[in-house]
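Before any comments, here is the structure.
Any value given below was found using the heavy atoms of this structure, including those in side chains, with hydrogens, waters and symmetry copies removed.
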Amino acid sequence: MNGYVLNDRAVVNAYGLIEDKRFVVGTDWDSSHPTPADQTAFLEAHSWDTFALWHLAVDEGAAEETMARHQFAVGDFTRVHRSALVRCVERARAGQHHVLEEAAQELLHRLDTKAGIDVGDGS
């Protein structure tokens with residue numbers, strides 16, 4: 001099992017973005033996820049600390065200052081994507097990463113509330 005730990009700063013950042021209504025609903029994360037080229041371009045303009053703010057988890061087994069170290073992306077470097085949070089929940093659940101699953105669920109719930117989405121079962 002990967003040594004994922006919750007990136008508390010990313011959680012706080014995502015909450016702030018959601019509160020500022022900097023989110024998008026209705027996207028397909030597979031087509032909205034930043035590509036490796038997008039990630040490289042972002043890193044050329046920003047620090048690794050800023051890059052980390054867009055990922056709910058840190059893989060402690062991966063080398064510092066590598067993309068592999070930052071897991072469970074929540075957005076496209078400008079907005080949180082609801083589809084990314086759904087993917088984070090699913091991935092965390094499948095890997096039994098309970099702390100990550102709970103954090104992603106809470107962010108998803110907050111985004112849904114802010115967007116006026118009633119999903120009933122919270123998924």
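Put simply, CH2 on W29 and SG on C88 are 8.0 Å apart, with the number rounded to the nearest 0.5 Å. The OG1 atom of T50 lies 10.5 Å from the CZ atom of F77; values are rounded to the nearest 0.5 Å. Rounded to the nearest 0.5 angstrom, Y4 OH and H97 NE2 are separated by 5.5 Å. Note that CG of L53 and OG of S47 are 7.5 Å apart. Values are rounded to the nearest 0.5 Å. Considering CG of L17 and NE2 of H81, their distance stands at 11.0 Å, rounded to 0.5 Å. Summarising the geometry, atom CG belonging to L6 is positioned 14.0 Å from atom NE2 belonging to H98; distances are rounded to the nearest 0.5 Å.
Residues L108 and V24 fall into different hydrophobic clusters, defined by Ile, Leu, Val, Met, Phe, Trp and Tyr side chains chained together at heavy-atom separations under 4.5 Å. The hydrophobic cluster containing V11 does not contain V5, counting ILVMFWY residues as joined when their side-chain heavy atoms lie under 4.5 angstrom apart, directly or transitively. Under the 4.5 Å side-chain heavy-atom criterion for Ile, Leu, Val, Met, Phe, Trp and Tyr, V74 and L43 are members of the same hydrophobic cluster.
Side-chain N or O atoms of D38 include one that pairs as donor or acceptor with a backbone N or O of T35 at under 3.5 Å. Checked by atom type and distance alone, the side chain of D20 never pairs as donor or acceptor with a backbone atom of R22 at under 3.5 Å. Judged by distance alone, the side chain of T27 and the main-chain N or O of S32 form no donor-acceptor pair under 3.5 Å.
D76 and T78 form a side-chain donor-acceptor contact under 3.5 Å, judged by distance and modelled atom types alone.
The residues R91 and E101 are annotated as not salt-bridged, no charged nitrogen and carboxylate oxygen being separated by less than 4.0 angstrom.
The two residues L107 and I18 come nearest to each other via the heavy atoms O-CD1, 3.7 Å. Shown here for L56 and L100, the closest heavy-atom pair between the two residues is O-CD2, 3.6 Å. For the residue pair A84 and A73, the shortest heavy atom distance occurs at CB-O, 3.6 Å. Closest of all the heavy-atom pairs between W54 and V80 is CZ3-N, 4.1 Å. Residues L85 and A104 come closest through the heavy atom pair O-CB, 4.2 Å.
A heavy-atom distance below 4.5 Å is found between the side chains of E106 and Y15. Under the 4.5 Å side-chain criterion, counting only non-hydrogen atoms from C-beta, H33 is in contact with Q39. In this structure the side chain of Q71 never reaches within 4.5 angstrom of the side chain of N7, judged on heavy atoms. W48 has its side chain out of reach of R69: every pair of non-hydrogen atoms, C-beta onward, lies at least 4.5 Å apart. For the pair H70 and E65, the minimum side-chain heavy-atom distance is 4.5 Å or more.
Crowding of K114 atom NZ: a count of heavy atoms from other residues, nucleotides or ligands under 6.0 Å exceeding 12.
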Residue pair R93, Q105: steps toward the side-chain contact (heavy atoms from CB on, under 4.5 Å) verdict: CA-CA 10 Å; R93 185 175 296 147; Q105 276 283 20; 3.2 Å; yes
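Taking the six-membered ring for Trp and the full ring otherwise, the centers of H46 and F51 sit at least 6.0 Å from each other.
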